[in-house]
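All heavy atoms count here, side chains included; hydrogens, waters and symmetry mates do not.
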Amino acid sequence: MTAEKPIGTGKSAFPLTRADIEQLRSTVQSAAQLDLHLQNLQDIDLSYMDLQGANLQGANLRGTNLREANLQGANLSEADLDGADLSWAYLGDTEANRVKLHGAKLSYATLRELNLREFNLAELDLQYADLNGTDLRGAVLRGADLQGADLSTARLNGPELQGAILHRSASLGDRGESLDRAKGIRKRVAPGQATLIEEYSSSFQAQEGKQIISDRDAYLLGEHALLVDFSPVKLHGLFPQGFAFAQARHLFDTWLVQTGDNYNEQTIQAMWIGFAHRICDLYYENESEA
């Protein structure tokens, strides 16, 4: 009895070339009919290629250049994308069960509506990625670079952001501690006063009434529920021991209580993400002026 072929090793002893893929593509009417499952595509250049709906199940894509490739609706289940360059690629509605993403580059990629629940996304480059509608509940984002990423309508429980990088020098530690990435020093943040929190939601709620607001609107509300007449000095005064998401969460929770409005958990989570991104950006944007 022959041993089962390991996932991602591909059928061929040597990687196929881009010319091989283009030849195969010419034999079918659409990319969706392209069957590349279990193929060896390691380290080849597939940048800008239309692979929409293609079957790449179990394919070896280690180190493959998929920059700006269209992978919408493609089957990447069990594929090995270790070290692949997926920057600017489109992966919306892609089937990606058990896909291996270790070391993959996903900056500026469109990852909308994907099921990445409980995926290990640790240390991945997700800068400016579009994660709207993506299910990240239970995902591991420790060390993942999410600077500029759009999480407006991503599905998160909250703890997933622990250890993720939302700014070049700030990440959320395991116990809500501030981690100075340059020095590797953890500091506990003393409770602060939310005296600069703006009661922004009253006019917004007057328009929305008691209806459940969309995740996008909740995210924007969180962004604007920040500070009245803030200055760099006042903003830094809220973080006397350095920026920490635990303290930012304390400010957010205080504002939430002050609004007197009742929101469901999904809305609160979207508001918190908007709030966290904005206050982090403001803190470091004005750091040199404080």
Chemist: Find the distance between CD1 (Ile21) and CG (Asp45) and round it off to the nearest 0.5 Å.
Modeler: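 Reported to 0.5 Å precision, the distance equals 11.5 Å.
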
Chemist: Sequence neighbours excluded, which residues qualify as side-chain contact (heavy atoms from CB on, under 4.5 Å) partners of Arg117?
Modeler: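 Partners of Arg117 under the side-chain contact (heavy atoms from CB on, under 4.5 Å) test: Asn115, Asp135, Arg137.
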
Chemist: Search all heavy atoms of Ala144 against all heavy atoms of Leu121 and return the closest pair with its distance.
Modeler: CB-O, 3.5 Å

Chemist: Show the nearest heavy-atom pair for residues Phe239 and Leu251, with the distance to one decimal.
Modeler: CZ-CD1, 4.0 Å

Chemist: Are Val28 and Asp35 close enough that some pair of their side-chain heavy atoms sits under 4.5 Å apart?
Modeler: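 Val28 vs Asp35: side chains apart.
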
Chemist: Sequence neighbours excluded, which residues qualify as side-chain contact (heavy atoms from CB on, under 4.5 Å) partners of Asn132?
Modeler: Arg112, Asp130, Asp150, Ser152, Thr153

Chemist: Between CG of Leu124 and CD1 of Ile165, what distance do you get to the nearest 0.5 Å?
Modeler: 11.0 Å

Chemist: If you round to the nearest 0.5 Å, how far is CG of Leu126 from CG of Leu106?
Modeler: 5.5 Å

Chemist: Using side-chain heavy atoms (C-beta onward) and a distance below 4.5 Å, is Met271 in contact with Leu256?
Modeler: yes

Chemist: Look up atom CG in Leu41 and atom CG in Asn65, then write down how far apart they are to the nearest 0.5 Å.
Modeler: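 Leu41 atom CG to Asn65 atom CG measures 12.5 Å (nearest 0.5 Å).
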
Chemist: Would you give the length of the straight line joining atom CG of Asp43 to atom OG1 of Thr64, rounded to the nearest 0.5 angstrom?
Modeler: 6.0 Å

Chemist: Measure across Gln39 and Leu16 and return the closest heavy-atom pair with its distance rounded to 0.1 Å.
Modeler: OE1-CD1, 3.7 Å

Chemist: Would you list the atom pairs, donor with acceptor, under 3.5 Å between side chains in residues 66-74 and any protein atom, with sequence neighbours excluded?
Modeler:
from, atom 1, to, atom 2, distance (Å)
Arg67, NH1, Ser87, OG, 2.8
Asn70, OD1, Gln72, N, 3.1

Chemist: Just one of Lys100, His102, Gln42, Arg62 clears the side-chain hydrogen bond (donor to acceptor under 3.5 Å, both in side chains) bar with Asp80, so which one?
Modeler: Arg62

Chemist: According to the side chain to side chain donor-acceptor pair (under 3.5 Å) rule, which pairs have a member within residues 20-29, sequence neighbours left out?
Modeler: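 Counting only pairs at least two positions apart or across chains, the side chain to side chain donor-acceptor pair (under 3.5 Å) contacts touching residues 20-29 are Thr17-Asp20, Arg18-Glu22.
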
Chemist: Is there a side-chain contact between Phe119 and Thr134 (heavy atoms, below 4.5 Å)?
Modeler: no

Chemist: Suppose we screen for side-chain contact (heavy atoms from CB on, under 4.5 Å). Which residues come up paired with Ser30, at least two apart in sequence or across chains?
Modeler: Ala32, Gln33

Chemist: Under the salt bridge (charged side-chain N to carboxylate O under 4.0 Å, His left out) definition, can you give me all pairs with a residue in residues 46-59, not counting sequence neighbours?
Modeler: none

Chemist: Which residues pass the salt bridge (charged side-chain N to carboxylate O under 4.0 Å, His left out) test with Asp125, sequence neighbours left out?
Modeler: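 If we apply the salt bridge (charged side-chain N to carboxylate O under 4.0 Å, His left out) test to Asp125, skipping adjacent residues, there are no hits.
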
Chemist: Quick one: does Leu24's side chain get under 4.5 Å of Leu36's, heavy atoms only?
Modeler: yes

Chemist: Compare every heavy atom of Gly92 with every heavy atom of Leu114, then report the nearest pair and how far apart it is.
Modeler: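 Heavy-atom minimum between the residues: CD2-C, 4.3 Å.
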
Chemist: Shortest non-hydrogen contact from Ala129 to Leu111?
Modeler: CB-CD1, 4.3 Å

Chemist: Tyr128: which other cluster members, linking ILVMFWY side chains closer than 4.5 Å, directly or transitively?
Modeler: Trp88, Tyr108

Chemist: Partners of Asp253 by salt bridge (charged side-chain N to carboxylate O under 4.0 Å, His left out), sequence neighbours excluded?
Modeler: Arg249

Chemist: So, taking the atom named CG in Asp85 and the one named CG in Leu61, what distance separates them when rounded to the nearest 0.5 Å?
Modeler: 12.5 Å

Chemist: What residues form a side-chain contact (heavy atoms from CB on, under 4.5 Å) with Ala122, not counting sequence neighbours?
Modeler: Asn120, Val140

Chemist: Could you tell me which non-hydrogen atom of Trp255 sits nearest to which non-hydrogen atom of Leu221, and how far apart they are?
Modeler: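 Smallest interatomic distance, heavy atoms only, reads CH2-CG, 4.3 Å.
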
Chemist: If you link I, L, V, M, F, W and Y whenever their side-chain heavy atoms are under 4.5 Å apart, who else ends up in the same group as Val257?
Modeler: none

Chemist: Is Tyr90 isolated, or which residues cluster with it under the ILVMFWY side-chain rule of less than 4.5 Å, directly or via members?
Modeler: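 Direct or chained contacts put Tyr90 with none.
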
